[in-house]
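Before any comments, here is the structure.
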Amino acid sequence: MAKKALTWVAPKDSKAHQIFIAKAVEAGFSAAVVRDFFYQINAHPELISFVQISRNLIDIFQLPCDEWQNNEAGIDFMAWQSLCKWVTETAQVLKEAIGRSFDAQPKRHRHNPLLRKGVTRHPLYSALWNVQENPELRPHYAALQAQALYAHSLAIQETHTVEAYERYDGDSPLLDSPRSASAMCYAVRALSHAVAQDELLAIQPYASPKMFGREVRVCLWLLDRVGESGEVLQFDKATEKRQYGLRDLVYFVERAHGHKSWAFRESLGREEGSGGGSAEPGHVGFQTISSGLEVNLGGGVPGRFVPALPSSGSIAGLLKSDEAPFDDGDGSYFFSDEDGSGTPGDDKGSNPASSFLRARNQARHIAMANQYLPWRYESLTDQEIHNIASAASSYLNLPELFSSSTEEKGFHELALLTLIVLWTGVSWERATGLRIQPMDAKQRSHASLCLITTSARNFWRIRSTFPEYKTQIEVPEESVRPMLEHVLIPDLSGLGDRVLELLKLRGKKPSPKTKLFTHSAKQYRKAFNKLVQDAGESERVTWGRWEKVMFDAITAETGDVVDAVAITGEPHVLAQTKCFYYSPNVGDLIDRYVKVTTQLAKEAELPLESDEASHLIGVEHRKGYVGSRACASKPAVVNAVSDLKARLGATRTYGLWSDFSEYHNVFTFYTVQMLAFATGYRAVKTPLFSLEEINGQLRLTALSDKDNEQKRKTRLSYLPDIVLKQLENYERHLKVLEATNDFRLKSQTEIEKETCFFLRSADGRDGKLVVSPKTMVRHLDEFLGLPANAHRRFMRTELREADCPADYVNAFMGHASFGEEPWSRYSSLSSRQYRNMMTRYLEPIMTELGFTPIVSRLAGGASR
């Protein structure tokens, strides 16, 4: 059952507010002070758990700061403190008058009473309820809440009046984007947990609000310094989320105090699918991105502001004739520190105009670089890979380590572990869980990384990454590709023999239960840092970057991040969506791995102990697939298309309405499926479109199958000639139906003429049914027995198996990660080139599947 939506009452109409104000006036408080108090903390209309909030505010107001006393932010410190003390003293009386919610208690540990009752709409009010779980940290936390309250007061006074607050009864927060306090207050609430000690202590709230607003960013630097210390820290997702939330706190406080502009939120890290940017995806505006760059405008004081348009008489007046800031230029100031000498009498000083131009051009450079492969930004160089791998190999060749101390044995394990991570591409965590088993062993290991041993050669068995589905579906086995859970790749580096040697020295035999690596991740991480130092490498070679070497190499070679995910089994943010639509053949993945490994070894000058031709693996394994489920096999699709065409070619008299409607429905379904396979559109309502929406010269049309009213996610799609002809045939078919003027073809609810529809088979009823995933279920069951969007995973897989470049496949699917938008301003993808590539790869697949234009028997002269 759907949750009942909350009904909001404006504070001026709230009984809780009215009763409270009346009681406060009776106690000698000014009604204006109470109203102003509620306004600045954005009090909930029902004053939920206000007793606990009042107790907390008494501690919060203890912040030793003159600015509170001076009332510079409009906070009547003394009156508010007295009001809160009165609330705590008369809590029972007020609770009886207002209701039980006035002193509401949490339902369970860490359960804020406002959850599901307005925690998003009243973020500061809910954050004032929290208390630090560690008693020793409570004064520090209360001081932080005070700073948040002060910043919120500045922001809300800048945006709304008391009257606006008291009249507001909307669903969204009163402070909305870009001044939304929700993220900031969520971070404050998260810092109330005892485990948030490091993040909380990184903030220095014992300062005047003005100084706090200027120096709050220091907390981010302090956390970075902790991460750079010699200690090995284990970061879980909750810790990362809290530390990322500090950025939201910094963002709000700096802008509330006027040190940053609300109009622009700097990029402090971006995840797949995250919002907060321009409303136009794929567009990177220079003025927006440059306003966050560090620029020295003279005087030795760096700043982060570049004016959107230099006013007359300022920077523009200092420009030379060939330094016009808004023409394209040739990027001569990209990273130049040359003396601009644009300021008279200052031969040694920095030219502000040159600084502005450098920032402008660097911003353009960054914006255009976002179109390049994002997985190559932080990849290690061939020389770095060579030095680390060579150092690790040298330690493996020192026999005295086998009889040395526990620490030295652990270092030997680390050297072996380093090479396993390099050549398999798995994470450190997966590698440390390595298990060994013979190929013919009866007992199978469930480890995500396993060394499979045979008399001839060894293999690495890696558990591939599967999409996480929310629902389970039943599909006919004869229609789908056989799925495997693992990828078996050859041990080209010969590390399997090293593993077996170490196992033998320990007096153990290969077994799924035998654990090879026995030390903690913290110890291995410290040992890896020592290995990096011994190899003479810099801090650029990190624990995290090393485990991405093979992943990056596969992605760079194939251009498809999902290939790397499938081979290494390591998930990636850029592949989250694409994994749902890709079922690669394991044999193809093995070939790609061998090619990439050989190339990597050559470029990094590392030896391989196994030749390239020795990677042949069992036929059964190479015929399997990994990745997305329910991907149809090509023979199944060919047979399904052939069956549809046979049903359309069957002799019919159309003497009955059911015969006529059945033919029309099959003809409609055939046309819809042909368009689906040719364009990869998502399962949507009324998928066909008018021929007027097609560019006849390029045969391109705009698809908007996952979009909003602004059509900002629309993509271009190429229509093969057979599809265009079929759409023409279907339009002629509809014209024949319209000419019949049959009452069963007239929909009472139809406003605009439908471009496609099904017909009901029952006589005497409204005949039209909208084409949608729901109404196609019967036809889909007869077609392949697969879900409505099965064609998307089939076509993505087929295009990649045909070696269609990944950029064009992603454009075909409508998949674009940050920096990869195919139709954005800085994209190098040409619509003509896209058409040519689809002609080369898409049309042969459509021909193989058996799709051909079919003229309607009705339009051809047959009568019903």
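All of these numbers come straight from a predicted model, not from anything done at the bench. Keep in mind that the numbers below use all heavy atoms, side chains included, and drop hydrogens, waters and symmetry copies.
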Got a second to check how far Asn130's CG is from Arg189's CZ, nearest 0.5 Å? 6.5 Å
Tell me whether Lys548 forms a cation-pi arrangement with Phe551, defined as NZ or CZ under 6.0 Å from the six-membered ring centre and within 45 degrees of its axis. yes
Would you call the rings of His257 and His259 parallel, tilted or perpendicular if under 30° counts as parallel and over 60° as perpendicular? parallel
Hey, does the side chain of Ser49 reach the backbone of Ala104 with a donor-acceptor pair shorter than 3.5 angstrom? yes
Can you measure from CG (Leu83) to NZ (Lys85) and round to the nearest 0.5 angstrom? 12.0 Å
Separation between NE2 of His44 and CD1 of Ile53, rounded to the nearest 0.5 Å: 10.0 Å
Got Val250 and Cys219 here, is their nearest side-chain heavy-atom distance under 4.5 Å? yes
Could you tell me how the ring of Phe50 sits relative to the ring of Phe38: parallel (under 30°), tilted (30 to 60°) or perpendicular (over 60°)? perpendicular
Aromatic rings Trp543 and Phe528: how do their planes relate, parallel, tilted or perpendicular, breaks at 30° and 60°? perpendicular
Once you round to the nearest 0.5 Å, how far does OG of Ser182 lie from CZ of Phe252? 9.5 Å
Between His152 and Gln40, is there a side-chain heavy-atom distance shorter than 4.5 Å? no
Does Phe102 CZ have over 12 foreign heavy atoms under 6.0 Å away? yes
Please find the pair of heavy atoms, one from Val33 and one from Ala79, that lie closest to each other, and give the distance. CG1-CB, 3.8 Å
Okay, side chain of Tyr39, backbone of Ile156: is any donor-acceptor separation there less than 3.5 Å? yes
Donor-acceptor pair, distance only, cut-off 3.5 Å: does the side chain of Tyr125 make one with the backbone of Ile48? yes
Could you tell me which non-hydrogen atom of Ala575 sits nearest to which non-hydrogen atom of Val561, and how far apart they are? CB-CG1, 3.8 Å
Heavy atoms of other groups near Glu429 CD, more than 12 under 6.0 Å: no
Taking Ser126 for the side chain and Pro123 for the main chain, is one N or O donor matched with an acceptor at less than 3.5 Å? yes
For Ser538 and Val532 the tightest heavy-atom approach is O-CG1, 3.6 Å
For Glu537 and Ile388, work out which heavy atoms get closest and say how close. CG-CD1, 3.9 Å
Contact summary for Ala148 and Val188, nearest pair of heavy atoms: CB-CG2, 4.2 Å
Okay, side chain of Tyr141, backbone of Leu191: is any donor-acceptor separation there less than 3.5 Å? no
In sequence, state the C-alpha distance, the side-chain angles, and the governing distance for Asn529 and Gln533, and then conclude on side chain to side chain donor-acceptor pair (under 3.5 Å). CA-CA 6 Å; Asn529 292 336; Gln533 294 175 359; over 6 Å; no
With sequence neighbours left out, the residues meeting ring-ring contact (aromatic ring centres under 6.0 Å, His included) with Tyr168 are none
Are Leu144 and Leu249 packed together at the side-chain level, in the sense that at least one heavy-atom pair is separated by less than 4.5 angstrom? yes
Donor-acceptor pair, distance only, cut-off 3.5 Å: does the side chain of Arg121 make one with the backbone of Gly170? yes
Tell me if a side-chain donor or acceptor on Asn56 pairs with a main-chain N or O of Trp129 at a distance below 3.5 Å. yes
Whether Ser192 side chain and Gln132 backbone form a donor-acceptor pair below 3.5 Å: no
Hey, are the side chains of Leu115 and His111 touching, using non-hydrogen atoms and a 4.5 Å cut-off? yes
Kindly write out the residues that satisfy ring-ring contact (aromatic ring centres under 6.0 Å, His included) with Phe212, not counting sequence neighbours, or none if the list is empty. none
Gln157 side chain vs Ser153 backbone, donor-acceptor pair below 3.5 Å: yes
Take Leu201 and Leu137, measure what side chain to side chain contact (heavy atoms under 4.5 Å, CB included) needs, and give me the verdict at the end. CA-CA 9 Å; Leu201 293 180; Leu137 297 177; 3.8 Å; yes
To the nearest 0.5 Å, what is the distance between SG (Cys84) and CZ (Arg55)? 11.5 Å
How far does CH2 of Trp86 sit from NZ of Lys23, to the nearest 0.5 angstrom? 8.0 Å
Under 3.5 Å, is there a donor-acceptor pair between the side chain of Gln147 and the main chain of Pro205? yes
So which of Arg35, His160, Lys12 actually passes side chain to side chain donor-acceptor pair (under 3.5 Å) with Glu166? Arg35
Is the shortest heavy-atom distance from the side chain of Leu57 to the side chain of Leu149 under 4.5 Å? yes
I need the minimum non-hydrogen distance between Ile98 and Ala16, along with the two atoms involved. CG2-CB, 3.7 Å
With side chain to side chain contact (heavy atoms under 4.5 Å, CB included) as the criterion, how do Thr418 and Leu531 come out once you've worked through the C-alpha distance, each side chain's angles and the decisive distance to 0.1 Å? CA-CA 10 Å; Thr418 299; Leu531 176 66; 3.8 Å; yes
Quiz item: cation-pi between Arg525 and Trp428, 6.0 Å / 45°: no
Do Glu215 and Gln204 pass the side chain to side chain donor-acceptor pair (under 3.5 Å) test, and can you show the C-alpha distance, the side-chain angles, and the key distance before you say yes or no? CA-CA 9 Å; Glu215 300 181 356; Gln204 304 299 320; over 6 Å; no
Assess whether a salt bridge exists between Arg430 and Glu570, defined as any Lys/Arg side-chain N lying under 4.0 Å from an Asp/Glu carboxylate O. yes
Indicate yes or no: at least one non-hydrogen side-chain atom of Leu174 is less than 4.5 angstrom from one of Thr159. no
Does anything in residues 133-160 pair up under salt bridge (Lys or Arg N to Asp or Glu O under 4.0 Å), and if so which pairs, sequence neighbours excluded? Arg110-Glu133, Glu158-Arg179
